[in-house]
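Atom set for the values below is all heavy atoms of this structure, side chains included, hydrogens, waters and symmetry mates excluded. Letters A, B, ... are given to chains in the order of the sequence lines, protein chains preceding strands, and every chain is numbered from 1.
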Amino acid sequence: MKSAVIVFPASNCDRDAAVALEQMTGRKPHMVWHQECDLPDVDLVVLPGGFSYGDYLRSGAMAGQSAVMRAVKAHAKKGGAVLGICNGFQVLTESHLLPGALMRNAGLKFVCRPVTMAVEETQNVFTRKYLHGQQVTFPVAHGDGNYFADEETLNRLEGEGRVVFRYAPGQNPNGSSRDIAGILSEKRNVLGLMPHPERVVDPLLGGTDGRGLFESLIETLS
Amino acid sequence: MKARVFVTLKNGVLDPQGKAIGHALNGLGFGAVGEVRQGKVIDLELSETNEAKARAALNDMCEKLLANTVIEKYEIELKA
Amino acid sequence: MKARVFVTLKNGVLDPQGKAIGHALNGLGFGAVGEVRQGKVIDLELSETNEAKARAALNDMCEKLLANTVIEKYEIELKA
Amino acid sequence: MTEITPELVAEHGLTGEEYGRIKRLLNREPSFVELGIFSVMWSEHCSYKSTRIHLRKLPTKAPWVIQGPGENAGVIDIGDGDACIFKMESHNHPSFIEPYQGAATGVGGIMRDVFTMGARPIAMMNALRFGEPSHPKTRHLVSGVVSGIGGYGNCMGVPTVGGEVNFHKSYNGNILVNAMCVGLARTDNIFLSAAKGAGNPVVYIGSKTGRDGIHGATMASAEFSEDSEEKRPTVQVGDPFTEKLLLEACLELMATDAIIAIQDMGAAGLTSSSAEMADKGGSGIELDLDKVPQREAGMTAYDMMLSESQERMLAVLKPGREAQAEAIFKKWELDFAVIGITTDTRRLVVKHKGEIVADMPVTALSDAAPLYERPFSKRPPATGTPSFDASRPVMASLKKILAAPDMCSRRWVWQQYDYTVMADTVQMPGGDAAVVRVHHSNKGLAITTDVTPRYCKADPYEGAKQAVAEAWRNITAVGAMPLALTDNLNFGNPQKPEIMGEIVSGIDGIGEACRALDFPVIGGNCSLYNETNGEGIPPTPAIGGVGLMADLHRMATIAFKREGDAIILVGDTKGHLGQSIYLREVEGREEGRCPPVDLAAEKRNGDFVRRLIEAGRVDTVHDLSDGGVLVAVAEMALAGNIGADIGVAGTAHSIPFFFGEDQGRYLLTASPVEADRIEGELRHAGIVHAIIGKTIAEKVLRVEREGETSLSTLRAAHEGWFPSYMSGEEIPPTN
Ligand SMILES: Nc1ncnc2c1ncn2[C@@H]1O[C@H](COP(=O)(O)OP(=O)(O)O)[C@@H](O)[C@H]1O
Ligand SMILES: [Mg+2]
């Protein structure tokens, strides 16, 4: 599987994503600077976590306008896989590759802790190696992870089986509507999620629950 | 020309920050405070001198960047 | 009575948010944009009907909670 | 030309005698700009004039120390060509005035100290002291400081992995915010601040200069009357986004060989960075202020030289490398300007609008700065062994202590810090020391900050010794070898002999412990004049320690891991209740002698425990500190969610046995068979020890003759206080 990690000014999980990708695929991803207008030939594009442009104005808003996002949109339109983690999820909603918005956490504070979620959908390139309904624990680390969309959109997301990760009862760290932690695009090739799978691929760091996500991608995209 | 843009959450979108402020004000003894909503105000200096053109540009800025219209609405104020 | 409070950074205080917004707007091709400053706007509903009293209370709220006067200043607007 | 009046001199914090010295050094009256420069360079903060002669007594050397005090941060060798660079610094006063920005810029400042030396920051720590919880300002300060630290550190993408929080009424009017940054570099690519050679370009990098934080004392001066006070904020606003770009850009430039010297602009910005670089390099510097990137119109030379705008660096490049450097900074969208040149004149010359506004010998600002041997008097340390009410129920006291503000879980705090970013955090907050992996290797760094202010108040000498010992012990308890420390000496007004006495005793205590434990001081910071209404804070010499773990798979944590393990207490338990948490929280008294530290026993016991961990024989260890044996057992049980059944060893009374704070002790667990062997070895080594009980399947803490309490009850007490206290908080601040 060939992959690229987009680097925005003040992305800060770009290295973490690259390390996890290399560890899982045996190949270094391309690191793509936000001013690039073209993407290398890759199967997967990762928008990493961090504070692109300081998350000033709104998280992900300025990154959503950067040159490289036009190329990411084109990649997605062709059916290419795009994974947005944390700030990457915010960038995906801001650039309308995913519906809804990520608002300030209901508790109004940044929250860093492990959260348990259910994998609700496995019919897609990102989660096919998990069992349907499997409980997984990833860390979250964000201040703006409160997923919001209007009722109609939420119903549609659920109706179309696009809610991939849902916080387990009592685990919702940010007030997200219907405990949503991660969603798919209509064509199921774009995934955005707030928790960090790339931080749980190494047992030394407290878990390997994130591996299934990378293994799913490798199996489908290689 | 100077412009002031207000970006506030749409009605119906929950505003926990506003709520927290209201709560805090009540806690400080300001009992007469009802609903509180918090938004952003952005002050811009524009070299544009034509008001209609400035307004059109500001509209464009709001749609493209300053507001996320999924959750926010905006108002534009121009001062000569 | 309704009130709107503006809380903005004092002149001379660095405004990283405003700076970044200005930069982004220039990047989007809005070349006519000069300095940008960002602040907060807080809309409050008050049960107080006397304007002078409302203003005094709002002043108090700003000093006590809504603004940190070391770096911020505030303006109060009342609407009947 | 502003006339220099005695009032103006006083407003600049200079004494008449110091002013006379300036005139002698210059052979004339200083200009207004020169006066400003002298005032900041000769301030306590920059010159260490009260502490320098005492700091010299600290041990700073060891075979693994690459750079001791004197540079932006200290450097140690951690093998394989890796270097660890770290430093701790205070931002006490700004954090009291504007907690969010004060704490945030404190974090930004200490990070720059570390990355200016060529290191990528990999971990942050924060040591915080607040007033009593019931004080009307405390909640607001806690909320603001914690979100400010998180706001800056999280955005930088550097994990904040540990720290300390204390509450005490003696900090009501003067909180302490100490932040520590640990970074990694290669030993062959470390950058220093010596601006060697003449004719080299001096370049300015980072944010523009504004009128931020200009010397508060001069605000009232005549020259400023036309400007409103509004223009002169004394608190700076941090811009972590710009700092993140500055970090990446600096590391990119450092990968080239264009740099001769580099230094961050911290306190007294352009003035101290240029003067210090010239001083260390044995050169001179000529600056042209017209070239300085400016945020506001109409800035004077005085403004620019004294501005403390954040996120700026000064570097000296090899001639001809300007374009290469500029390209890097343009890519990261940062300001870059050549603002001067190095000279061989040993003078600092500042030009503005075609005029020379300052021209002074560099040594006048450094070597010739005042050095005071301030009179000091040592007050006798608190003595005595306090009585206690022997009839109090132990389990109720335990619950009370676990829920005390100083003892409860700090989860509310560290949950606001991203402690897993960089994907190298092996031990998160909540243990004895944080452990972060050295990226792409199997070794780790153990990091801790420690000081127990109530001990220091009772006895500044023993208390300072204890702070070093506890840092060393915490690093040992995870299985790492303590290598070096940075201190942050927070004290009151050194012009009072009794405070100066505390400073001298504190430094002496640190020095003695460092020598005994082979734990040198490689950096530090003094924060003096921490007083309100003439009342000083308790002496608070915070110690930030770093150790090396050779194999991350041989590491201990505090959590009980298996039922049926024996719980071994290592070290001598005399039942020392003086100045203990028990006495303060349960009996409401702060009395008696603080626990003395026997440094030889400390070393022997710690080395013994570390060897067991390194050999893979033990993976569960907790050092004993605040609260004593029973609190530590409870913390181990809660962390592992495994119960314990324990009793008093020997014939001691249960209260002093369980709550005494004797030093140099550890709790560890091992299977009964292994425990037997360990006991034999302890006996052989002459180390006092006891098996005090075992871990059990039931989720309870059972104490012989005292009863039992469920872990869920203890957990509720331990986790409950912070969130419940903070739920009365106003509005969590953001940037
Ligand atoms: N301000 C803070 N930020 C992050 N972690 C903290 C903070 N304060 C305390 N902690 C963490 O909570 C745990 C308990 O702290 P403390 O009781 O001071 O430890 P010890 O007694 O071992 O020195 C430690 O892991 C410490 O790092
Ligand atoms: Mg400890």
Undergrad: Is chain B contacted by the side chain of A/M62, its backbone, both, or neither, given a heavy-atom distance below 4.5 Å?
TA: both

Undergrad: Just to verify, what does A/F148 make a ring-ring contact (aromatic ring centres under 6.0 Å, His included) with, not counting sequence neighbours?
TA: none

Undergrad: Can you tell which part of B/L14 gets under 4.5 Å to a heavy atom of chain A, answering side chain, backbone, both or neither?
TA: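 For B/L14, backbone heavy atoms alone lie under 4.5 Å from chain A.
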
Undergrad: Take A/V115 and A/M194, measure what side-chain contact (heavy atoms from CB on, under 4.5 Å) needs, and give me the verdict at the end.
TA: CA-CA 11 Å; A/V115 293; A/M194 288 313 296; over 6 Å; no

Undergrad: Just how far is it from atom CG of B/L9 to atom CE of A/M103, taken to the nearest 0.5 Å?
TA: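 Taking CG in B/L9 and CE in A/M103, the distance rounds to 5.0 Å.
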
Undergrad: Taking only residues at least two apart or on different chains, which pairs with a member in residues 34-65 of chain B satisfy ring pair (Phe, Tyr, Trp, His ring centres under 6.0 Å)?
TA: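 Counting only pairs at least two positions apart or across chains, no ring pair (Phe, Tyr, Trp, His ring centres under 6.0 Å) contact touches residues 34-65 of chain B.
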
Undergrad: So B/M61 and B/V5, do their side chains get closer than 4.5 Å, heavy atoms only?
TA: no

Undergrad: For chain A against chain B, give me the donor-acceptor pairs closer than 3.5 Å, one per line with atom names and distance.
TA:
from  : atom 1 : to    : atom 2 : distance (Å)
B/K40 : NZ     : A/L57 : O      : 2.6
B/K64 : O      : A/Q65 : NE2    : 2.6
B/L65 : O      : A/R58 : NH1    : 3.1
B/L65 : O      : A/R58 : NH2    : 2.9
B/L66 : O      : A/R58 : NH1    : 3.0
B/N68 : ND2    : A/E94 : OE2    : 3.3

Undergrad: Could you tell me which residues satisfy ring-ring contact (aromatic ring centres under 6.0 Å, His included) with A/F126, sequence neighbours excluded, listed by chain and number?
TA: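 A/F126 satisfies ring-ring contact (aromatic ring centres under 6.0 Å, His included) with no residue once adjacent residues are dropped.
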
Undergrad: Would you compute the distance between atom SG of B/C62 and atom CZ of B/F6 and round it to the nearest 0.5 angstrom?
TA: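 Going from the SG atom of B/C62 to the CZ atom of B/F6 covers 11.5 Å.
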
